[in-house]
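Below is one structure; the comments refer to it alone.
Just so it is clear, the structure is predicted and the values come from calculations on it, not from any experiment.
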Protein chains: 2
Amino acid sequence: MTAPHSPLLISNVRLPDGRASAVSIADGRIAALGSDVAAPAGATVEDGGGALLLPGFVEGHTHIDKSNWGRPWYRNEVGPLLTDRINNEREWRKTSGHDAGAQSLAVSRAFIAAGTTRMRTHVDVDTDAGLRYLDGVLATRRTLADVLDMQIVAFPQSGMLIRPGTVELLSRALDAGADVLGALDPALIDGDPVASLNATFELAERHRKPIDIHLHEPGDVGAFTFRLLLDRVEALSMQGQVVVSHAFCLGALPERERDALLDRIARLDVRLLTSAPPSRPVPPLTVCRDKGITIFGGNDGIRDTWAPYGVPDMLERAMLIGMRFDLRRDDAVAIAFDCVSDAGARGCGFADYGMHVGARADLVLVDAESIAHAVVARPVRKLVVSNGRVVARNGAFIGA
Amino acid sequence: MTAPHSPLLISNVRLPDGRASAVSIADGRIAALGSDVAAPAGATVEDGGGALLLPGFVEGHTHIDKSNWGRPWYRNEVGPLLTDRINNEREWRKTSGHDAGAQSLAVSRAFIAAGTTRMRTHVDVDTDAGLRYLDGVLATRRTLADVLDMQIVAFPQSGMLIRPGTVELLSRALDAGADVLGALDPALIDGDPVASLNATFELAERHRKPIDIHLHEPGDVGAFTFRLLLDRVEALSMQGQVVVSHAFCLGALPERERDALLDRIARLDVRLLTSAPPSRPVPPLTVCRDKGITIFGGNDGIRDTWAPYGVPDMLERAMLIGMRFDLRRDDAVAIAFDCVSDAGARGCGFADYGMHVGARADLVLVDAESIAHAVVARPVRKLVVSNGRVVARNGAFIGA
């Protein structure tokens with residue numbers, strides 16, 4: 001899939017600290033950055049027009065296999081429970097003609113057009129669909145391999161132990177190309193937190209894969225499950241290998257209990273993902289950061305049967321993170337942006353990320369005066385460079 | 001200011017219930033609505049192209065006098081307290097050259113371009129600025145009189161009793177053209193809830209004006225103030241004349257106490273306004289509606305020194321309301337839209353509002369399949385008609 005790279009110079013841009021700069025790109029990497037950078041031999045030159053230069057955005061948690069992005073409107077008449085949403089979706093996907101390959105490609109292109117160059121996506125694996133959705137997303141990953149760095153999580157959306165055969169399917173998904181083992185509410189969905197976590201960690205260890213667990217469990221039961229999880233991270237030395245997504249429980253515990261849990265999370269380098277939902281408790285962002293925990297951001301679902309909200313634009317997600325955590329000062333809004341850039345890359349373990357010489361050349365140009373301005377105004381992306389290639393211009397995707 | 005109306009026919013649109021329709025407009029009013037509507041004599045015909053027809057949007061609570069919309073980026077380095085924000089802003093407005101007239105005009109035009117045709121805005125009145133900001137907003141109201149139905153609230157942002165002379169200024173503001181008397185945190189800002197509320201109600205009664213009070217006071221102290229306020233609504237028979245904005249306290253009381261308060265709010269027809277902030281407790285939207293309380297939506301500040309967030313787009317505000325209250329089903333997302341349309345008009349008391357014959361012709365066309373789709377996608381406004389006039393096309397304001 002890999003097309004050759006041609007050298008590129010982006011002139012006349014501003015760095016987030018305000019300095020005028022240019023950036024040269026060779027072999028898909030940032031070759032030089034600064035006010036006196038010259039064009040490499042044979043380089044194409046893009047005039048940045050004084051725009052703000054940002055690193056490519058990181059989507060830390062989404063579900064591109066189930067999005068209806070660009071499809072006819074899905075009329076949501078689903079019941080209020082988590083299990084209503086799970087069951088409705090599984091049935092609907094069987095019968096609606098929804099195509100995980102076509103949809104994941106459509107929404108990924110929209111992500112790239114809006115500046116996302118790295119993505120962790122969860123893909124449903126269940127005993128009705130088998131690996132069908134995974135096959136579709138693997139095809140999308142191959143199609144976009146040159147321009148989108150995609151991690152795939154094999155995710156048991158319908159539960160694991162409660163649907164016999166799911167563990168085996170997850171194992172096959174990891175063999176087939178999934179990078180990360182997913183898991184879901186070991187107590188409230190799977191009904192047996194110890195057995196469920198044991199199965200997850202056993203499978204991850206066997207495949208030598210990291211874990212990303214969706215922990216919606218609230219308050220005390222979530223904290224109970226979280227402690228069981230941390231025990232296993234410690235026993236198996238999986239520091240740095242586990243993400244806990246959502247972690248609503250961390251937003252609704254007495255402060256002393258919460259802080260003890262956060263200290264242990266920090267010590268074991270377990271990372272946290274939040275979509276910053278405004279209607280749920282959320283992990284305390286700045287407390288987590290102060291304790292040294294890597295906490296990063298993602299959309300979760302984008303216009304699917306769960307909810308109609310979400311757009312494939314990480315600047316909008318950064319805005320929602322900023323609003324959720326009441327980040328008002330410019331230096332605080334920059335934290336929201338960090339959640340969809342550096343912290344996201346660190347949390348997911350994306351290699352060679354950042355705006356420095358030697359990093360993969362993933363860059364975004366916007367007309368904005370500062371990072372905070374870009375986050376709240378979400379201006380059209382003038383130029384997106386991914387892996388050293390110009391992939392979008394003025395908000396439009398222009399090819400893999 | 002009033003220019004003559006020319007008759008208009010908008011053909012080929014879809015109503016929110018899905019029916020194909022056309023709408024004819026004469027003398028600024030909806031003259032007919034339905035599939036068989038003919039063009040009035042001499043009418044201009046606009047082809048709706050099958051777009052969705054919505055009523056003009058209602059901004060129920062904003063601060064157009066203090067917005068930095070379209071200005072150079074304001075770098076926010078303000079401290080964390082409410083009083084930090086108040087004091088920083090008052091000083092900054094004195095010294096920065098910020099022009100309430102120019103800014104209120106700029107942001108109002110952006111509102112109209114995005115489909116807002118009715119607006120309640122709060123304007124700071126304080127002993128430093130006097131009525132200077134009010135004068136600017138009154139000028140904007142005159143400029144846009146034909147195309148924007150604006151209510152002005154004289155708002156003591158820096159406190160009332162704690163800044164002697166403010167009551168007299170508020171009185172002069174009401175004489176000068178403000179429609180509504182504002183008030184702010186009688187306990188936590190003014191320091192004397194009984195005296196502050198007494199002064200507010202006495203002033204409102206003297207001027208025969210309605211009240212809109214910003215009640216940020218949390219939990220128990222907010223509930224205490226709220227009960228004092230209800231006593232006065234009841235004693236002075238001001239049913240239907242009082243809006244309580246924000247009312248965070250209603251989101252953080254024990255359910256039985258909260259419901260008793262809500263029952264009394266319903267009985268006295270006190271209306272509630274929420275901006276649906278994701279970082280604060282909020283009044284329970286659907287519980288309020290089920291009790292018959294009029295609860296509606298607004299942006300609050302738009303890109304000002306308080307916070308960088310907010311855009312003059314009520315579809316985006318509806319989306320944020322939907323997310324805050326976890327409204328997922330299509331019929332639930334329609335409630336979020338109601339907050340920025342019918343409920344907003346009812347809450348503020350805007351006359352002749354709606355999509356029916358005889359109503360003021362305030363209409364918006366968008367390419368969307370349904371109200372829920374319009375709320376989450378926030379598509380460009382193809383056409384905006386206000387007071388029977390075409391005022392915006394494809395997102396661009398085209399004149400008062």
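Between the A:Glu59 side chain and the A:Asn299 main chain, a donor and an acceptor come within less than 3.5 Å of each other. Checked by atom type and distance alone, the side chain of B:Thr95 pairs as donor or acceptor with a backbone atom of B:Glu91 at under 3.5 Å.
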| Yes or no on side chain to side chain donor-acceptor pair (under 3.5 Å) for A:His214 and A:Ser245, after CA distance, side-chain angles and deciding distance? | CA-CA 5 Å; A:His214 300 216; A:Ser245 288; 5.0 Å; no

| said: Please determine whether side chain to side chain donor-acceptor pair (under 3.5 Å) holds for the pair B:Arg328 and A:Asn76, giving the CA-CA distance in whole Å, both sets of side-chain angles, and the decisive distance to 0.1 Å. | reply: CA-CA 7 Å; B:Arg328 298 175 180 230; A:Asn76 188 316; over 6 Å; no

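Proximity to chain B (any heavy atom under 4.5 Å) is shown, for A:Leu327, by both the backbone and the side chain. With a 4.5 angstrom heavy-atom cutoff, B:Ala377 touches chain A via backbone and side-chain atoms both.
Relative ring orientation between B:Trp73 and A:His373 is described as parallel, the plane-to-plane angle staying below 30° on a 0-90° scale split at 30° and 60°. Between A:Trp92 and A:Tyr74, the ring planes lie perpendicular to each other; the angle is over 60°, past the 30° to 60° tilted range.
Between A:Asp124 and A:Glu89, the shortest heavy-atom distance links the atoms OD2-OE1, 3.4 Å. In terms of heavy atoms, B:Ser158 sits closest to B:Arg90 at OG-NH1, 2.8 Å.
Of residues 274-291 of chain A, those residues lying under 4.5 Å from chain B by any heavy-atom pair are A:Pro278, A:Ser279. Contacts with chain A (heavy atom to heavy atom, under 4.5 Å) involve these residues of residues 302-312 of chain B, listed by number: B:Arg303, B:Trp306, B:Ala307, B:Pro308, B:Tyr309, B:Val311.
Here the straight-line distance linking atom OG1 of A:Thr83 with atom CD1 of A:Ile189 works out to 6.5 Å at 0.5 Å rounding.
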